[in-house]
Amino acid sequence: MAQLVEIVLFMERDQKSSNRNIFDKLVKEERIFRNREALSSTFIPKEFPHRNKEINDFANILKPALYGARPSNILIYGQTGTGKTAIAKYICEQIVEKADNENKKIHTAYINCKQTNTPYGILANIGKTYSTEWDEVIPNAGWRIDKVYSALKQKADDNGGIAIVILDEIDALVNKNGDEILYHLTGLNSDLNNSKIALIGISNDTKFTSWLDPRVKSRLGEESLTFSPYNAIQIEEILAQRVKLAFNENVVDPVVVSYCSSRAALEHGDARKALDLLRISAELAERDEREIVTVNYVGKAQSVMEKDQVRCVISTLPIHYKTTLASIVFNEGKSKNGQQTTGEVYTTYKQICKLSNLQGLSQRRIGNIISELDMQGLINAKIVSLGRQGRTKFINVAIDKKQINDLFEEDKFLSDIIYELKQNTTYFSSTQMRLI
Ligand SMILES: Nc1ncnc2c1ncn2[C@@H]1O[C@H](COP(=O)(O)OP(=O)(O)O)[C@@H](O)[C@H]1O
Ligand SMILES: [Mg+2]
């Protein structure tokens with residue numbers, strides 16, 4: 001009898017274990033991360049090492065809002081990953097918190113102009129800061145722009161108070177639409193009776209104001225702040241702060257932090273790059289069921305990131321650029337010392353065009369495309385003097401061969417070219433085929 005009970009219990013246990021969800025083990029055993037969110041791009045920390053001065057200046061410029069006066073408009077410059085977005089959002093959170101405690105009316109709006117880059121979209125987003133009913137007041141599209149302006153003015157005056165509007169990546173807005181929208185926005189205050197608007201423009205491009213109408217330039221840049229790039233030691237401190245928040249104790253080898261920091265410092269002191277490198281390293285270690293993130297994983301993370309970057313560049317190349325790149329990759333195995341001339345690239349390019357029914361461009365155009373591919377870092381093209389025979393370009397692929405072959409296979413157009421070429425081996429030598 002006892003034996004029978006034991007068998008039944010065993011069967012039940014077996015049944016239970018086979019009913020387990022595959023995520024049970026993964027979720028329970030969170031060995032590495034304490035709080036992943038702390039490494040995400042949207043996380044706003046409570047402290048920003050090495051930005052005390054910038055935060056202080058920024059807060060002082062906005063302070064008048066707490067007394068009901070309009071703060072100056074501000075332009076913020078700095079390379080990517082220098083903390084512009086995170087600090088602007090942080091300051092806005094802080095000022096709203098203070099205003100709420102003191103019963104003052106401050107509204108804030110954050111607009112990324114790469115995502116919202118039409119005057120209509122910008123005005124609609126500012127309108128939403130005043131009330132959630134804004135969506136019911138104006139439709140998402142369809143009104144004339146001056147009607148949207150009037151609705152916004154009305155809404156601002158009905159609500160009163162001060163609106164602080166962050167226009168992040170403001171150069172994208174100007175590139176796409178010119179500066180008319182900024183002209184109207186910076187002039188809005190003179191039409192408002194019971195409210196005020198302050199604008200904070202953020203840009204990676206220090207030269208962007210040279211395209212602005214001088215009136216817009218002076219109104220928008222009443223104050224300006226520059227965020228300088230971080231050095232390796234500064235990035236290391238920023239990472240150390242995140243490591244404490246994001247990871248369990250002693251799971252990240254300290255060498256990992258210095259390695260990520262020095263890599264990012266080489267690339268114009270970009271803290272985002274360092275944080276991404278750290279996050280991806282930890283995710284790869286986790287996937288391998290490791291308990292410690294070692295420097296080994298930073299190397300792996302780096303190649304994942306590079307591949308992603310190259311993938312992004314390749315996938316957005318126009319068709320003749322892709323064809324030219326394919327020609328270069330294809331020729332690479334054939335040429336002595338791995339180099340080829342523009343003429344050789346052009347010959348293969350023409351053959352591919354014929355195979356894929358593409359109207360070929362002139363050799364001169366392909367020469368220009370080669371220079372652009374060089375600037376994008378996909379190939380190296382160096383001009384060499386041939387003495388009395390003049391000069392030529394020596395071209396070779398700048399990316400790891402395995403990586404580029406993988407990426408070609410993922411791309412529909414490029415993989416079709418490869419397929420076509422494989423079907424037409426007469427055009428190409430076997431050495432070339434082996435490359436693909
Ligand atoms: N001084 C700092 N302290 C803590 N984190 C920082 C600091 N500077 C930048 N970061 C972090 O680095 C990442 C990139 O910053 P971000 O504000 O997006 O840069 P930018 O807008 O200048 O390109 C964000 O995750 C941000 O939180
Ligand atoms: Mg930013």
Side-chain angles (χ1 to χ4, degrees), residues 33-59 62 74-94 108-117 122 125 164-175 199-208 224-247 252 256-258 260-283 301 305 308-309 312:
F33 289 101
R34 184 204 303 267
N35 174 16
R36 283 167 203 269
E37 201 30 46
L39 292 173
S40 87
S41 57
T42 50
F43 180 80
I44 312 282
K46 295 262 171 295
E47 280 167 37
F48 290 86
H50 306 289
R51 283 291 180 242
N52 285 345
K53 180 175 181 318
E54 290 78 358
I55 289 178
N56 204 23
D57 291 350
F58 201 157
L62 293 187
I74 319 174
L75 272 178
I76 300 177
Y77 300 106
Q79 304 238 37
T80 39
T82 50
K84 303 180 300 297
T85 301
I87 287 173
K89 286 183 171 174
Y90 167 76
I91 299 259
C92 282
E93 274 176 19
Q94 291 275 299
T108 57
Y110 172 82
I111 301 168
N112 184 315
C113 302
K114 265 199 182 143
Q115 284 151 15
T116 306
N117 56 13
I122 302 277
N125 266 290
I164 298 173
V165 176
I166 304 176
L167 297 172
D168 203 353
E169 323 242 20
I170 192 171
D171 41 320
L173 178 67
V174 178
N175 275 342
L199 300 172
I200 300 171
I202 303 179
S203 169
N204 295 338
D205 178 1
T206 43
K207 290 197 283 301
F208 110 92
S224 74
L225 294 172
T226 302
F227 284 34
S228 51
Y230 298 113
N231 62 32
I233 297 168
Q234 292 172 328
I235 297 185
E236 203 165 331
E237 277 176 46
I238 293 169
L239 286 196
Q241 171 212 48
R242 291 301 169 93
V243 166
K244 276 192 220 138
L245 296 172
F247 296 104
V252 179
V256 166
V257 175
S258 10
C260 292
S261 313
S262 56
R263 294 298 321 167
L266 284 179
E267 290 195 26
H268 63 254
D270 180 345
R272 181 183 304 121
K273 167 104 194 196
L275 284 163
D276 285 346
L277 207 49
L278 179 63
R279 177 179 50 79
I280 295 171
S281 310
E283 282 168 0
M305 282 171 76
D308 279 352
Q309 236 171 15
C312 182

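Atoms within each ligand, like the ligands themselves, are counted from 1 in listed order.
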Option among L75, L173, N175 that satisfies the side chain to side chain contact (heavy atoms under 4.5 Å, CB included) test with F208: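 Option passing the side chain to side chain contact (heavy atoms under 4.5 Å, CB included) with F208: L75.
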
When you measure from [atom] to each heavy atom in [options], which option holds the nearest one?
atom                   : options               : result
atom 5 (N) of ligand 1 : R272, R242, E54, Q241 : R242
atom 8 (N) of ligand 1 : F43, F227, Y90, Y230  : Y230
atom 3 (N) of ligand 1 : P49, P45, G81, S41    : P49

Test item: L277 and R263 side chains (from C-beta on) under 4.5 Å apart, heavy atoms: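 Yes, close enough: below the 4.5 Å cut-off.
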
Residue, atom name and distance, where the atom is the protein heavy atom closest to [atom]:
atom                    : result
atom 21 (O) of ligand 1 : T85 OG1, 2.7 Å
atom 22 (O) of ligand 1 : K84 NZ, 2.7 Å
atom 19 (O) of ligand 1 : G83 N, 3.2 Å
atom 24 (C) of ligand 1 : L275 CD1, 4.2 Å

Just by distance, do the side chain of [X] and the backbone of [Y] share a donor-acceptor pair under 3.5 Å?
X    : Y    : answer
Y230 : A265 : no
R51  : T82  : yes
R279 : S40  : no

In ligand 1, which numbered atoms sit nearer than 4.0 Å to a non-hydrogen atom of [X]?
X   : answer
Q79 : 22 (O)
R51 : 1 (N)
A86 : 17 (O), 26 (C), 27 (O)
T80 : 23 (O)

Could you see which bit of [X] sits under 4.0 Å from ligand 1, with heavy atoms only: side chain, backbone, both or neither?
X    : answer
T82  : both
D168 : neither
H50  : neither

With rounding to the nearest 0.5 Å, note down the distance linking [atom1] in [X] to [atom2] in [Y].
X    : Y    : atom1 : atom2 : answer
S262 : N231 : OG    : CG    : 11.5 Å
I200 : I74  : CD1   : CD1   : 4.5 Å
I202 : D168 : CD1   : CG    : 4.0 Å
I122 : I170 : CD1   : CD1   : 8.0 Å

Pairing of D276 and R272 as salt bridge, 4.0 angstrom limit: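 Between R272 and D276 there is no salt bridge, as every charged N stays at least 4.0 Å from the carboxylate O atoms.
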
Residue T80, metal the Mg ion (ligand 2), N/O/S under 2.8 Å: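 Checking the Mg ion (ligand 2) against T80, no N, O or S atom falls under 2.8 Å.
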
4.0 Å heavy-atom contact, K89 with ligand 1: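 False for this residue.
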
